[in-house]
Amino acid sequence: MTLFIYNTMSRKKEKFEPLTPGKVGMYVCGITAYDRCHIGHARSAVVFDAVVRHLRRTGFKVTFVRNFTDIDDKIINRAREEGISTVELAQREMEHFHHDMEALGVLKADIEPRATEHIPDIIALIETLVEKGFAYEAEGDVYFSVRKFPTYGALSRRNLEELRSGARIRPGEKKKDPLDFALWKAAKPGEPKWNSPWGPGRPGWHIECSAMSMKYLGPTLDIHGGGLDLAFPHHENERAQSEAATGRQFVRYWMHNGFVTIKGEKMSKSLGNFITIKDILSHFHPEALRLFLLSKHYRSPLDYSPEALRESTAALDRCYKALAEAHQFARGPVKKKRPIPSEAEEDLKLISTLGTRVDEAMDDDFNTALALGHVFDAVRALNRVLSMAARKPSALYKDGLKTACTAITGAVESLGILKEVPENYLEVRNRQALEASGLTLEELNILIQERNQSRKDKDWERADEIRDQLSRKGIVLKDTPEGTRWSAQL
RNA sequence: GGCGGCGUAGCCAAGUGGCUAAGGCGACGGUCUGCAAAACCGUUAUUCCCCGGUUCGAAUCCGGGCGCCGCCUCCA
């Protein structure tokens, strides 16, 4: 199997060949730690988490670096508003980030460098650029001279002259060219500062990513990822700085994920139309959010709505229900070994090859939507087998069902879903439903008993009344040969 | 204005030259059930925004149009 990745640089799907066979150096732009993360951040995190998982699953040794920007204008301003230090603010938001990521099942990066811990590396890189004539100092600021880098604009397909016509030098900036960008900013009174050859100041945003990525991954990264909004100017600038400094190719494969929109508009801090990860997780299961985020190809826009999350929850419930029932049958008391029909054998075979189909989908530029389609096919096949097993029970189903469950949960490793014990997942869903219904477990059981008595007496009217009453409270009753069971309504 | 992306069923979505246009949610019919629920089976796009072209053959390629979105300033 061969992995193909869409490279923003070439605008084409390319065969993935890392610099060193079998090893992948991957850098993804993390967050600026000044506020809670929203679903847009979650998408980027989950998408690249799936990338890392899939690379590792298919045998690559991945070094994954995701940075924190812990000093910049937004942090300084927010800290000032809150009356705390930039260090405190950044620390708090990095902790929030870690909590959110852990909840979402996003693997920790191997290295999570922070800008403020890499000031010497940043300064060294800027010095190289000054020495080589790509950067110049101006009253304590240092700027990158865009005109010195001939292929500037190649990544984001910008035309320098057109960019220049729209750009302006803002008051207080000492650029020679409107397109030049800051590598080092002289400290203003009261701002955090570090000493440098150009006087006290702090690094610009773009240079920190160049310095930190190359420090841990070398001059050439295999994969550099981030949101589409970072392509210009952030990644364009990173590329210019890095290649100017090293004379080597900076990134082999540029990957950019599309935006999360809400009512068709980009979700962003500036528009104020964002929903935080924390908010979502107070209403939905983290895996439902993951499922939602992976339900569309990573490069396309993805429109958020509570309905969409509910749909993902319904789909996830169906998967867990099937797994739970398969477990239950496998552990059940059936002893009789009657032969199982060939249809069941075929379904079990289909399930056993799910992993291959998921991996193939992922190999095609991480087609998670197609991969999920295969997963749902397998779940339907599993339910089909369960129906047959319920109709004509046989102990011969047990091993097949156990293997099928393992095949499914193993196949979705890259997607990072179905990681919970199915019974636990359903129990949590049920507990939440019970809480929401306002009933205690005891009250619920009394109602169920009363209904069963009514059913025995063939008082269907009363029995249905109780069932309807519970249904309105979000609790569904199911009459099975083993008795009446209740569960959360979808 | 410049650059880029998108428009596939009621909704979401995969498919980028050729087998029956995946899958999810929903709706309807059937099996099951006292009736339900869940699950399964079946139906739900003879057609992929519109018009023209290339081709033996196009949702898929080309040209034009309409509509939506994004980047060009901080943003995942």
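These numbers come from the heavy atoms of this one structure, side chains and all, not from hydrogens, waters or symmetry mates. Convention: sequence-line order gives letters A, B, ...; per-chain numbering from 1. In this text the structure is predicted, and so the values were computed from the model without any measurement.
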Restricting to side chain to side chain donor-acceptor pair (under 3.5 Å), what partner residues turn up for E325(A), sequence neighbours left out?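 None.
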
For H99(A), what residues pass the side chain to side chain donor-acceptor pair (under 3.5 Å) criterion, not counting sequence neighbours?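 Here no residue qualifies.
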
Quick one: label [X] by what it contacts on the DNA or RNA (base, sugar-phosphate, nothing), any heavy atom closer than 4.0 Å.
X       : answer
G225(A) : nothing
S387(A) : sugar-phosphate
M267(A) : base
K269(A) : nothing
H297(A) : sugar-phosphate
V260(A) : base
R451(A) : base

Pairing check on [N]: which nucleotide meets the Watson-Crick or G-U wobble criteria with it, both distances under 3.5 Å?
N       : answer
rU60(B) : none
rG26(B) : rU44(B)
rU31(B) : rA39(B)
rC3(B)  : rG70(B)
rA21(B) : none

Spacing of the [atom1] atoms in [M] and [N] (rounded, Å):
N       : M       : atom1 : answer
rU8(B)  : rC3(B)  : C1'   : 27 Å
rC50(B) : rA59(B) : P     : 11 Å
rC11(B) : rA27(B) : C1'   : 11 Å
rG24(B) : rC68(B) : P     : 33 Å
rU20(B) : rA58(B) : P     : 15 Å
rC72(B) : rU44(B) : P     : 46 Å
rC25(B) : rC40(B) : P     : 9 Å
rG63(B) : rU54(B) : C1'   : 11 Å

Per-pair distances, 0.1 Å, donor-acceptor, side chain in residues 372-386 of chain A, under 3.5 Å, sequence neighbours excluded:
residue: R384(A); atom: NE; partner: D347(A); partner atom: OD1; Å: 3.3
residue: R384(A); atom: NE; partner: D347(A); partner atom: OD2; Å: 2.9
residue: R384(A); atom: NH2; partner: D347(A); partner atom: OD1; Å: 2.9

Is it the case that H235(A) and H256(A) place a side-chain donor and acceptor less than 3.5 Å from each other?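 Yes, because at least one side-chain N or O of H235(A) sits under 3.5 Å from a partner of the opposite role on H256(A).
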
Got a sec, which residues hit ring-ring contact (aromatic ring centres under 6.0 Å, His included) with [X], two or more places apart in sequence or on another chain?
X       : result
Y304(A) : none
F274(A) : H38(A)
Y320(A) : Y425(A)
Y253(A) : F16(A)

Euclidean distance, atom [atom1] of residue [X] to atom [atom2] of [N] [Å, nearest integer]:
X       : N       : atom1 : atom2 : result
L309(A) : rG26(B) : CG    : C1'   : 17 Å
R429(A) : rA38(B) : CZ    : P     : 13 Å
H224(A) : rA76(B) : NE2   : P     : 12 Å
I76(A)  : rC74(B) : CD1   : C1'   : 14 Å
L386(A) : rA39(B) : CG    : P     : 12 Å
Y320(A) : rA39(B) : OH    : P     : 17 Å
Y298(A) : rA14(B) : OH    : P     : 13 Å

For a quick test of reading the model: is some side-chain N or O of K266(A) closer than 4.0 Å to OP1 or OP2 of rC71(B)?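 For rC71(B), OP1 or OP2 has a side-chain N or O of K266(A) closer than 4.0 Å.
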
Has K296(A) got a side-chain N or O lying under 4.0 Å from the OP1 or OP2 atom of rA13(B)?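 Result: yes.
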
Start with the C-alpha gap between T484(A) and R451(A), add the side-chain angles, then the distance that decides, and say whether side-chain contact (heavy atoms from CB on, under 4.5 Å) holds. CA-CA 10 Å; T484(A) 299; R451(A) 175 168 171 275; 4.0 Å; yes

5' precedence on RNA chain B between N383(A) and S44(A) (nearest-nucleotide basis):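 This one resolves to N383(A).
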
Pick the closest RNA chain B nucleotide for L163(A) and for L302(A) by heavy atoms, then say which residue is nearer the 5' end.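 Per heavy-atom nearest nucleotide, the more 5' residue is L302(A).
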
Partners passing side chain to side chain contact (heavy atoms under 4.5 Å, CB included) against A324(A) (at least two apart in sequence or in another chain):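 Only P422(A), E423(A), L426(A) meet the side chain to side chain contact (heavy atoms under 4.5 Å, CB included) criterion with A324(A).
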
For A154(A), which residues count as a side chain to side chain contact (heavy atoms under 4.5 Å, CB included) partner, sequence neighbours excluded?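 With neighbours one apart ignored, the set is M9(A), T151(A), R239(A).
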
For nucleotides 1-5 of chain B, print each protein N/O atom paired with a nucleotide N/O atom at under 3.5 Å, atom names and distance only.
residue: rG2(B); atom: O2'; partner: E162(A); partner atom: OE1; Å: 2.4
residue: rC3(B); atom: O2'; partner: R157(A); partner atom: O; Å: 3.4

Minimum-distance nucleotide to N367(A) side chain [options: rA14(B), rC35(B), rA76(B)]: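 Nucleotide nearest to N367(A)'s side chain: rA14(B).
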
Which nucleotide sits closest to the side chain of L230(A): rA76(B), rC35(B), rC74(B)?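 Per side-chain heavy atoms of L230(A), the pick is rA76(B).
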
Assess whether one donor atom and one acceptor atom, taken from the side chain of R391(A) and the base of rC32(B), lie less than 3.5 Å apart.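 Absent.
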
Given the structure, check if the side chain of D459(A) and the base of rG34(B) hold any donor-acceptor pair shorter than 3.5 Å.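 When only heavy-atom distances are counted, D459(A) does not reach the base of rG34(B) through any donor-acceptor pair under 3.5 Å.
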
State, to 0.1 Å, how close R462(A) and S454(A) come at their nearest heavy-atom pair, and which atoms those are.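 Closest pair (atom of R462(A), atom of S454(A), distance): CG-OG, 3.4 Å.
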
Between M362(A) and S414(A), which heavy-atom pair has the shortest distance, and what is it?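 Result for this residue pair: CE-CB, 4.1 Å.
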
Is F259(A) stacked on the base of rG70(B), meaning ring centres closer than 5.5 Å and planes within 30 degrees of each other?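 Here F259(A) fails the 5.5 Å or the 30° condition.
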
So does R299(A) pair up with D365(A), basic N to acidic O under 4.0 Å?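 A salt bridge is present here (some side-chain N lies under 4.0 Å from a carboxylate O).
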
Output, in order, the C-alpha distance, side-chain angles, deciding distance and verdict of side-chain contact (heavy atoms from CB on, under 4.5 Å) for V106(A) and R290(A). CA-CA 10 Å; V106(A) 170; R290(A) 264 191 98 103; 4.0 Å; yes

Could you check which residues of residues 33-43 of chain A get a heavy atom under 4.0 Å from RNA chain B? Sort them by number, please.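 RNA chain B contact set from residues 33-43 of chain A: H38(A), G40(A), H41(A).
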
Taking protein heavy atoms under 4.0 Å as touching, what does nucleotides 20-25 of chain B look like 5' to 3' if B marks base contact, S marks sugar-phosphate-only contact and - marks none? --BSBS

